[in-house]
Every structure is written in C-alpha cells, then in structure tokens.
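First up is the structure itself, then whatever we jot down about it.
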Amino acid sequence: MQLYPAIDLKNGQCVRLKQGAFKEITVYSDKPEEIAAKWQSKGASYLHLVDLDGALAGHSVNEKAIKRIVSTVSIPIEIGGGIRSEEAIEAMLSLGVSRVIIGTKAAENPEFIRDMVNKFGQEHIVAGIDAKNGMVAVEGWEKLSDLSASELVNRMKEYGIRHVVYTDIARDGMLSGPNVEYTKKLTDDTGLDIIASGGMSSMEDLRELYHAGVHGAIIGKALYENRIDLKEAIDAFEKQDHQGRIS
C-alpha cells in the first residue's frame, strides 16, 4: 500500500483544516519545504500536496511554495486544488510535479478527464473524488453534485483513469478513521488504484485499509499530531510488499 504524507498549503504555509472548513485551521509550519524534506527523510516515497487557496479560487495560488517543495525533495509529488484547465495541468507538470489531481472538473465535465488522460497519460492525471454521504462534492467542498461517488469512479475508469483519490469529507481532519467499507467497495468494484483520504488516525486505520486491499492512503493530521509515526507505517505497510511479511 502506497502511503502519501499530506502537505496542505494555505498562504504559503503548511496547515490542516477540519472537514474542509476554512475557519477551522491549524498552521503547522510557514516553511512547507522543510516539512516535505522531513517526510522524505523518514522514508516517504511519494508526497501529496493540496493547494487549499487554489481549490477555492479555481486556479493555482501557492506556486512559489510548490516550487520550493519540488526543488527540495527528490521523491515524486502529486498535487490537487484548483486545477481545472489544460494550461493549469501543464503548468504543474512543468514545475516538476509528477501527478495532477483533478476534482471539481472531473465531476462537472468528465469528458475533460478523458481528453487530459489522452494528452498527458494516465500516470500523470488523477481523479479526485470528494464525497459526503456517498454524493460528490465540488468547488472546495462548498457544493454537492447529484452524482454518486461510485458512478463517477466508474465513468473515470471508462475514460482511462487509473488512480483515484477518494476523500470522505465527513471524516477529513477529524481523526475519526477512514471510510474503509466504502473505499474497499470502490476498489473491489473497479479494480482501480483507489487512494483513501480523510480521517486517518492510527496504525490500526492503516492496517484495516491494508487488509481491505486498498492501494493507497493519504495521512495528514495524524502525522502532525504524532498519532502515526511515518517511518513505522512505511515499514509496516509499504515495504512489506517487497519483503513478503504481513503486519
């Protein structure tokens, strides 16, 4: 299972929100590149960035911070937040980001995803599906659409998507545990690389996802509040695939 330490960017700082609410904010560092280097030094093999300002504005806002992170670490990076055009995707990839996560646009115009997968390749385009009670939310989680998460995931699969970041909004930043059941259902139904996001609070949560056959997990607040030790988690769930041991 691939683990993704998360760095959420707002005003160039590394922050965490509760359930995506901008008034529920905790600032962890004003040097996000130092946080990125810290996760890499603990064995991270991939980073997950979110441009929170970008998600609301509909275009990239924290480009300077993103550039600093890319030039500080050598591991691949995926990023989401306000990426809603071909130009925005191109801009992010040209900064040295490996994968671009498209959320709002995937829900509102799924054909756009098909075109972008054709243009940039399935390794570079990730669908970000954020749901509340199984229904897809858009525009920085401010609006609910009339699509269910599983409908949208299936459409993304048709359009050539291989990686999907699935966030359960009700659990995000709450340390209440991920929605293992629904993430497993999406994984089993589609065979895609469904990456669980939202609510990771303990090694036990990661263990449940791992045994459910989920391919990836994003860890945010639990790392910053020392509830999960990244090195320990990587040794247990990421490296065991190569060493053939089960935690």
Side-chain angles (χ1 to χ4, degrees), residues 1-17 20 22 25-104 116 120-121 123-128 130 140 163-165 167 172-173 193 195-198 200 216-226 228-231 233-234 238:
M1 184 166 74
Q2 177 71 54
L3 300 181
Y4 299 84
I7 297 178
D8 289 7
L9 299 167
K10 181 158 180 34
N11 303 326
Q13 298 173 312
C14 171
V15 305
R16 291 302 293 163
L17 306 183
F22 279 78
I25 191 163
T26 309
V27 176
Y28 288 108
S29 170
D30 56 6
K31 292 201 169 74
E33 67 276 14
E34 289 180 1
I35 302 287
K38 176 183 172 183
W39 299 144
Q40 178 173 278
S41 74
K42 286 182 176 284
S45 58
Y46 223 112
L47 281 182
H48 175 85
L49 303 190
V50 183
D51 183 342
L52 292 169
D53 302 300
L56 273 186
H59 55 84
S60 174
V61 174
N62 285 287
E63 206 166 284
K64 282 183 183 159
I66 295 161
K67 269 186 184 161
R68 289 200 308 274
I69 292 168
V70 170
S71 62
T72 302
V73 299
S74 57
I75 54 176
I77 292 168
E78 62 177 26
I79 186 162
I83 300 165
R84 296 177 197 164
S85 69
E86 187 178 322
E87 295 71 34
I89 293 169
E90 216 143 28
M92 280 299 130
L93 293 176
S94 69
L95 286 182
V97 169
S98 300
R99 294 201 309 222
V100 172
I101 302 160
I102 300 164
T104 293
M116 294 305 98
F120 297 105
E123 268 316 305
H124 296 297
I125 304 294
V126 178
D130 306 329
H163 308 283
V164 175
V165 172
T167 306
D172 189 66
D193 169 21
I195 301 163
S197 167
M200 240 53 75
I218 291 166
I219 318 170
K221 195 172 187 179
L223 288 179
Y224 295 92
E225 305 208 339
N226 300 315
I228 293 175
D229 179 277
L230 184 61
K231 187 178 183 317
I234 286 166
E238 206 174 288

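Summarising the geometry of G216 relative to D193, their closest heavy-atom pair is N-OD1, 4.2 Å, with the distance given to 0.1 Å. Annotation for C14 and I7: closest pair SG-CG2, 4.1 Å, computed over non-hydrogen atoms. The two residues A6 and I218 have their closest heavy-atom pair at CB-CG2, 3.7 Å. Between I219 and I228, the closest heavy-atom pair is CG2-CD1, 3.8 Å. Between H124 and S98 the shortest heavy-atom distance is ND1-O, 2.7 Å. Smallest separation of non-hydrogen atoms from L93 and V100: CD2-CG2, 3.8 Å.
Between I83 and M92 the shortest side-chain heavy-atom distance falls below 4.5 Å. Put simply, the side chain of L9 does not reach to within 4.5 Å of the side chain of L52, judged on heavy atoms. With contacts defined as side-chain heavy-atom distances shorter than 4.5 Å, the pair L230/P5 qualifies. Residues S197 and V165 have side chains in contact (heavy-atom distance under 4.5 Å, counting atoms from C-beta outward). A heavy-atom distance below 4.5 Å is found between the side chains of I66 and I79.
For residues 32-44, the side chain to side chain donor-acceptor pair (under 3.5 Å) pairs, not counting sequence neighbours, are E33-R68, W39-Y224, Q40-S74. Counting only residues at least two apart or on different chains, the ring-ring contact (aromatic ring centres under 6.0 Å, His included) pairs with a member in residues 46-69 are Y4-Y46.
Applying the side chain to side chain donor-acceptor pair (under 3.5 Å) test between Y28 and each of E225, Q13, K221 identifies E225 as the sole match.
Judged as a salt bridge (Lys or Arg N to Asp or Glu O under 4.0 Å), and not counting sequence neighbours, E90 has no contacts. When the salt bridge (Lys or Arg N to Asp or Glu O under 4.0 Å) test is applied to D8, the partners found at least two apart in sequence or on another chain are R16. Scored by the salt bridge (Lys or Arg N to Asp or Glu O under 4.0 Å) test, K10 finds D53 as partners (sequence neighbours excluded). Residues satisfying the salt bridge (Lys or Arg N to Asp or Glu O under 4.0 Å) test with E123, not counting sequence neighbours, are R162.
Residue H163 holds its NE2 atom at 11.0 Å from CD1 of I101, rounded to the nearest 0.5 Å. Distance check, rounded to the nearest 0.5 Å: OG of S85 to CD1 of I102 gives 9.0 Å. If you take CG on L47 and CD on E78, they are separated by 9.0 Å, rounding to the nearest 0.5 Å.
Looking at D51, its side chain does come within 3.5 Å of a backbone N or O of N62 through a donor-acceptor pair.
With hydrogens and angles left out, the side-chain atoms of E238 and S45 include a donor and acceptor closer than 3.5 Å.
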How far apart are the C-alpha atoms of I125 and R99, what are their side-chain angles, what is the distance that settles it, and do they pass the side-chain contact (heavy atoms from CB on, under 4.5 Å) test? CA-CA 6 Å; I125 304 294; R99 294 201 309 222; over 6 Å; no
